[in-house]
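Heads up: the structure comes next, in structure tokens.
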Amino acid sequence: MCGIVGYVGSRSAQEVLVRGLRRLEYRGYDSAGVAVAHNGAVAVTKAEGKLDRLVGRLEEAPLPGRAGIGHTRWATHGVPSDRNAHPHRDTTGDFVVVHNGIVENFRALRDELEASGVEFRSETDTEVLAHLVAAHYDGDLKEAVRHAIARASGAYALVAMTAREPGRIVAARMISPLVVGLGRGETFLASDIPAVLDYTRRFLIVEDGEIADVTRDGAAIETIDGDPVERSPITAEWDAAAVEKGGFDHFMLKEIHEQPEVIRRTLGARMQDEVALDGLSWVEGHPSEVARIWITACGTAYHAGLVGRVLFERLARIPAEVAYAHELRYGHPLIGERSLSLAISQSGETADTLAAARLARHHGARLLALTNVVGSSLAREADDVLYIWAGPEISVASTKAYIAMLVGQSLLALWLGRARGVLSASEERKLAAELSGLPAKAASILERLDGPRRVAEHLAGAGSIYFIGRGLDHATAMEGALKLKEISYIHAEAMPAGELKHGTLALVTEGTPVVAVVTQQEVHSKMLLGLQEVKARRATVIAVAYEDDEEIGLVADHVLRIPRTADPFSPILAAIPLQLLAYHVARHLGRDIDQPRNLAKSVTVE
Ligand code: F6R
């Protein structure tokens, strides 16, 4: 949700900033801009639209200079336009800022600044910060930033630079993420580690309520009250190759193909004959104290939570709830002290998920984070962290992180089931063996790419597509519908298969595509009956089913086959053909697959 990058050193700042923005573009692509300090002035170039428009302008008129800041925007206040693109300046033009997040009291601040004669050039909340920094400047940029953020409420990260102190950048983190990259004689700032992985793997994480004072020699971090902070750098595990497309046409396709390896990594050392969880100190010490699990997440991570809820109840017999984070926050939930709050988030930065996790903790729950990003806000706030090790996910539509979230929860459910005496050692071993077999089975699905591609051609002209399933298959249907919607822009709706006849069947007519996920044996015959009803309305049925399921072929028009596995783990495999289906429909329609309209990867605003 907006990407920020900063650089001070001896390279061309413009080059470093553009490369960093390219890596951050998944965070927003409504506009992009850079500001570079040179010869006692700061020059700004910006452009509405994708980064390439900015690059075009910079090619025509390059900005010389060795220090600068850049931004890629996901619009919150003000339409996407050149005027509203960051960086924003004060009226003298000497001060520039970029910002990620929302200044909640910007209206009052703007009124106050306008009353004192300041003329605004944009509709953004960010511009107030440029004017506030300038107004408070008395020879020290850090103090000016400190005063500015004391006036601005909200969740955001701010980076400021001034022509009067070239070679210095000051950044503040008020919730929204910010990291400092440490090089030799050069220092970087970014919203996210991948932005500057080409240059360094050593990072300082700026914590909430801290200010980083950055020069080419490094960064001094202090609290907003001015207390110095000692922070040791972390080393990023990811390398630059992990954030390249690696020969695939899209990041999404690359990430789908990485899934067998991702499953293997998530299982990793945690899976021998039985499950061993690494570093979950509280959960490991108190498995029988967990009276209820509260799962909270948004979007695809929420769909992973739908699967988790069933796994925890089925395999560990622990009552579990799953709630959208933005609903849980305002829903007066009855979370008690013996609750485990499981917050799921690929980025670990989703504002609603963080807030819901904090609420659960406030009610006395222990917080377990299931996340992909080491050092993310969620990871740092949690009592325990189960990392999913999916590697950097660049495509806005999440695929491999979803699969890894399912694997992570499967491990946790097995471990809890065993620790609480619900599963016998032999049951655990049998299920653990099933999990170990999943990478090869996922790989075999990726060898049959023709099916999804062919079915996609039929679906590309549809106005609406229905996704149905029962139990765990319903969760997979939800995820399949979301994937299709977000990248193809075709309307899709998922529901439990049994619900269709209670209203929505009225919309099913000749040729209406109905995608049915049919893997759960307990409800297999019920699914077939339901599909007969759908066929009776002459719908086109596309099924995702086990390869040895012969009955499904009698009702479905097209079947996307997956290898058989234990039913609790079938969502891990069944999601893959649906990801491919969404991909190929979007591709057929010529959509912008990795950067679908109106979306951004990491939603750090409410
Ligand atoms: C959909 C998608 C989103 C995210 C959601 C939560 O493909 O990626 O729905 O799942 O915004 O993001 P995280 O997992 O980072 O909290």
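As the structure lists them, so they are numbered: ligands from 1, and atoms in each ligand from 1.
Judged by the shortest distance from any of its heavy atoms, Lys483 lies inside the 4.0 Å radius around the atoms of ligand 1. Between Thr399 and ligand 1 there is no heavy-atom distance shorter than 4.0 Å.
A salt bridge does not link Glu393 to Lys254: none of the charged nitrogens lies less than 4.0 Å from a carboxylate oxygen. A salt bridge links Lys483 and Glu486; the closest N-O separation between the charged side-chain nitrogens and carboxylate oxygens is under 4.0 Å. A salt bridge links Glu258 with Lys400: at least one charged nitrogen is closer than 4.0 Å to a carboxylate oxygen.
Proximity to Ser345 (heavy-atom distance under 4.0 Å) selects the following atoms of ligand 1: 13 (P), 14 (O), 15 (O), 16 (O). Taking every heavy atom of Ala397 and a limit of under 4.0 angstrom, the matching atoms of ligand 1 come to 7 (O). Taking every non-hydrogen atom of Ala301 and a distance limit under 4.0 Å, the qualifying atoms of ligand 1 come out as 10 (O), 14 (O). Taking every heavy atom of Ser398 and a limit of under 4.0 angstrom, the matching atoms of ligand 1 come to 7 (O), 8 (O).
Aromatic ring orientation, Phe106 versus His77: perpendicular (interplanar angle above 60°, classes split at 30° and 60°).
Closest to atom 4 (C) of ligand 1, if we only count protein heavy atoms, is Thr300 N, 4.0 Å. The protein non-hydrogen atom at the shortest distance from atom 14 (O) of ligand 1 is Gln346 N, 2.7 Å. The single protein non-hydrogen atom nearest to atom 11 (O) of ligand 1 is Val603 CG2, 4.1 Å, given as residue, atom name and distance.
For the pair Lys601 and Tyr26, the cation-pi criterion (under 6.0 Å, within 45° of the ring axis) is not fulfilled. Taking the ring centre of Tyr489 as origin, the terminal cationic atom of Arg597 falls inside the region bounded by 6.0 Å and 45° from the ring axis.
Using modelled atom types, one finds no donor on one side chain facing an acceptor on the other under 3.5 Å when comparing Thr504 with Glu499.
Across all their heavy atoms, Pro571 and Leu472 have their closest contact at CG-CB, 3.9 Å.
At a heavy-atom cutoff of 4.0 Å, ligand 1 is contacted by the side chain of Glu486 but not by its backbone.
Between atom 15 (O) of ligand 1 and the options Cys298, Gly348, Ser347, the minimum heavy-atom separation is to Ser347.
Between Thr350 and ligand 1, a contact under 3.5 Å exists for at least one N or O pair.
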